[in-house]
2 protein chains.
Amino acid sequence: MARLSIVTDNPRPASRPERSAKAEQTRQTIIDAAMRLFRTHGYDKATMRAIADEAGVSIGNAYYYFSSKEHLIQAYYDGINAEHAERAAATLTTATSFADRLAGVLLAWVDVAEPYHEFAGKFFKNAAEPSSPLSPFSDDSEATRLAAIDLHRQVVDGSDIKLAKALRAELPELMWLLQMGVVLFWVHDTSDGQRRTRQLVEQAVPVIDRALRLTRIPGVRGLVDDVVGLVRTIKPTAG
Amino acid sequence: MARLSIVTDNPRPASRPERSAKAEQTRQTIIDAAMRLFRTHGYDKATMRAIADEAGVSIGNAYYYFSSKEHLIQAYYDGINAEHAERAAATLTTATSFADRLAGVLLAWVDVAEPYHEFAGKFFKNAAEPSSPLSPFSDDSEATRLAAIDLHRQVVDGSDIKLAKALRAELPELMWLLQMGVVLFWVHDTSDGQRRTRQLVEQAVPVIDRALRLTRIPGVRGLVDDVVGLVRTIKPTAG
DNA sequence: CGCAAGAGTTGAACATGTTCAAGAATAAGG
DNA sequence: CCTTATTCTTGAACATGTTCAACTCTTGCG
């Protein structure tokens, strides 16, 4: 699993990004230990003490590198995202229809995330707090979020779908929101292998595809402009 | 503020619902103490010890009545919902257009919830965990959820909007989902008085209204059936 | 080398949600 | 009233995320 540390928790000011080789190694050791324990014992059992033990460092040292358990989890989060991008690439290079591409990308996420489902509930809890750096809407997650949105831009751009320019520009962001919705459903989905989530994706994607193709109907056009305007108003201006 | 304890945390089996008058009183004392501290000192400062102290009982006793801090918060949750229903009634008896009714109900929620905004982040965190009884999707919250959905049914039924039968049946549930979306936005909204959330509601409602009226256009009709089918597939069958 | 400044490391201590064995108060049955 | 079962109450004890003052090691510089 590739490990992009997109969202870092660097204890040093940004102006001095270097870190000694040994420190970097210790840092990675801690991450690896945490991964191992999260996987084998779950979130609750993987206490900071256990992680520190497993990594062969003191508790205090773990906190020197990661200012909270949440920040430690961030590596997990990034790992899933990186794996998702990797896996989605297969779909993005082969499929041409919008529906296939979107379904492929969404199902790729479900596939990638499956091993973490049990863990995800606990993770999700932390991510839900607005002030948490793990929140998908937080400033800290911006890089991760933009990468995910970009993935959806590729879904659109590489597809055969015809859309109004304004809609095409905003659509990837809306699709990212859709993906957040899928994640929400997935987290609550207790069916085996998250069967119901896959069903949701497979059933929803054609409907979305159909809806998007309807946007070219004259009577619907005005509505689309309204939606785009709404998205633009709401979107970026933090605060 | 009315206090409907819709979702109770009864330590005794459901077959023996009675509780001594004194016990009931102690229970209420604890709730009141918790409310006071949540309001005055916020979620973090309102420790179980502080709450027990304020209520004049021991920590263990507080846990006898509420099996976790989350369950104690439930009263808060219910209180907001009850107040919302009360406040929404004004709109529901006067407004006749669908847009006005929906906007009125959603804005009523923002009004009612405003004092709790700071607190809400912490609350939301707990509610986000799927296994939490506080989750709006949990079995424990079913009564509360159904009440909220019913509120939206009143919005639809009392309005002048014309809709296909199937859509009309599912719409209240979709509107409840919309409300959850508004709540999500609201939680993350740091503008003063949650100005941006109000803006979102005011701008989104006319768009929704317009979209619903478009559902009668021939070409759109099939799409609506698909959406209804999708909602029905996904909705109830827990697990 | 010698030394100062900073990086890296430590574990005891703290705060808080939660549990639990034990006891006190109350209710039920005779 | 006495006995017994049940409800109610208690606070010490526990687990765990987090902090912090102190310590050791490394680096840079004369």
Side-chain angles (χ1 to χ4, degrees), chain A residues 9-31 33-34 37-38 41-74 122-123 125-126 129 131-134, chain B residues 9-31 33-34 37-38 41-74 122-123 125-126 129 131-134:
Chain A
D9 177 41
N10 196 325
R12 303 170 64 187
S15 53
R16 278 184 292 169
E18 346 80 40
R19 215 190 272 117
S20 80
K22 188 182 176 199
E24 184 55 48
Q25 188 185 327
T26 304
R27 193 187 150 87
Q28 195 59 51
T29 304
I30 295 171
I31 291 182
L37 291 184
F38 280 145
H41 293 75
Y43 181 86
D44 283 333
K45 292 287 186 62
T47 66
M48 288 301 279
R49 281 166 185 78
I51 293 170
D53 265 14
E54 176 86 9
V57 301
S58 70
I59 277 195
N61 202 11
Y63 273 95
Y64 178 75
Y65 288 101
F66 302 93
S67 52
S68 73
K69 199 179 179 183
E70 288 192 4
H71 278 94
L72 195 40
I73 301 175
Q74 188 77 47
K122 311 284 180 163
F123 171 78
K125 169 174 176 172
N126 291 67
E129 191 177 356
S131 59
S132 166
L134 291 183
Chain B
D9 176 43
N10 197 325
R12 303 170 65 187
S15 53
R16 280 184 292 170
E18 347 81 39
R19 213 190 272 118
S20 80
K22 189 184 175 196
E24 184 56 47
Q25 189 185 327
T26 304
R27 194 188 149 85
Q28 195 59 51
T29 304
I30 295 171
I31 292 181
L37 289 185
F38 281 146
H41 293 76
Y43 182 86
D44 283 332
K45 291 288 188 63
T47 67
M48 289 302 279
R49 282 164 184 80
I51 293 170
D53 266 13
E54 176 86 8
V57 301
S58 70
I59 270 197
N61 202 10
Y63 273 94
Y64 178 75
Y65 288 101
F66 302 91
S67 51
S68 72
K69 199 179 178 183
E70 288 191 4
H71 278 95
L72 195 40
I73 301 176
Q74 189 77 45
K122 312 284 181 163
F123 171 78
K125 168 176 177 170
N126 291 66
E129 192 176 357
S131 59
S132 166
L134 291 183

Visitor: Just so I know, are the side chains of B/T29 and B/V57 near enough to count as touching, which here means a heavy-atom distance under 4.5 Å?
Guide: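 Sidechains of B/V57 and B/T29: no contact.
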Visitor: Using a 4.5 Å cut-off on heavy atoms from C-beta on, say whether the side chain of A/I31 contacts that of A/Y65.
Guide: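 A side-chain contact under 4.5 Å is absent here.
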Visitor: Round to the nearest Å and state the distance from A/Y64 atom OH to D/dT18 atom P.
Guide: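 Atom-to-atom, A/Y64 to D/dT18, this comes out as 18 Å.
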Visitor: Roughly, in whole Å, what's the span from CG in B/N61 to C1' in D/dA12?
Guide: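 In whole Å, D/dA12 C1' and B/N61 CG are 16 Å from each other.
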Visitor: How long is the line joining CD1 of A/I51 and P of D/dA15, in whole Å?
Guide: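 That distance rounds to 18 Å.
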Visitor: If I take atom CD in residue A/Q25 and atom C1' in nucleotide C/dT9, what distance separates them, rounded to the nearest angstrom?
Guide: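 Atom-to-atom, A/Q25 to C/dT9, this comes out as 15 Å.
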Visitor: What's the OH-P distance between A/Y65 and C/dT9, to the nearest Å?
Guide: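 It works out to 4 Å between those atoms.
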Visitor: Which whole-number value in Å describes the distance from A/F66 CZ to D/dG17 C1'?
Guide: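 Spelled out: CZ on A/F66 to C1' on D/dG17 is 16 Å.
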Visitor: Backbone N or O of A/A50 within a donor-acceptor pair of the A/K45 side chain at under 3.5 Å?
Guide: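 Not confirmed, A/K45 side chain does not pair with A/A50 backbone.
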Visitor: Is there side-chain contact between A/F66 and A/M48, with heavy atoms separated by less than 4.5 Å?
Guide: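 Sidechains of A/M48 and A/F66: no contact.
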Visitor: Which whole-number value in Å describes the distance from A/D44 CG to D/dG17 C1'?
Guide: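 The distance from CG of A/D44 to C1' of D/dG17 comes to 12 Å, rounded to the nearest Å.
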Visitor: Whole angstrom is fine here: how far is it from CE in B/M48 over to P in D/dA13?
Guide: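 Taking CE of B/M48 and P of D/dA13, I get 20 Å after rounding.
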Visitor: When you look for runs of 3 or more Watson-Crick or G-U pairs in a row, both distances below 3.5 Å, which of them include DNA chain D?
Guide: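 Detected stem regions: C:1-30 with D:1-30.
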Visitor: Looking at the side chain of A/T47, which of D/dG17, C/dT9, D/dT10 is the nearest nucleotide?
Guide: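 Between D/dG17, C/dT9, D/dT10, the one nearest the side chain of A/T47 would be D/dG17.
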Visitor: Compare every heavy atom of A/A55 with every heavy atom of A/I30, then report the nearest pair and how far apart it is.
Guide: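 In this case the closest contact between A/I30 and A/A55 is CA-CB, 3.9 Å.
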Visitor: For DNA chain D, whose closest nucleotide is more 5', that of B/T26 or that of B/R49?
Guide: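 Of the two residues, B/T26 wins.
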Visitor: If I compare all heavy atoms of B/I59 with all of B/R49, which pair ends up nearest, and what's the gap?
Guide: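 That closest heavy-atom pairing would be CD1-CG, 3.0 Å.
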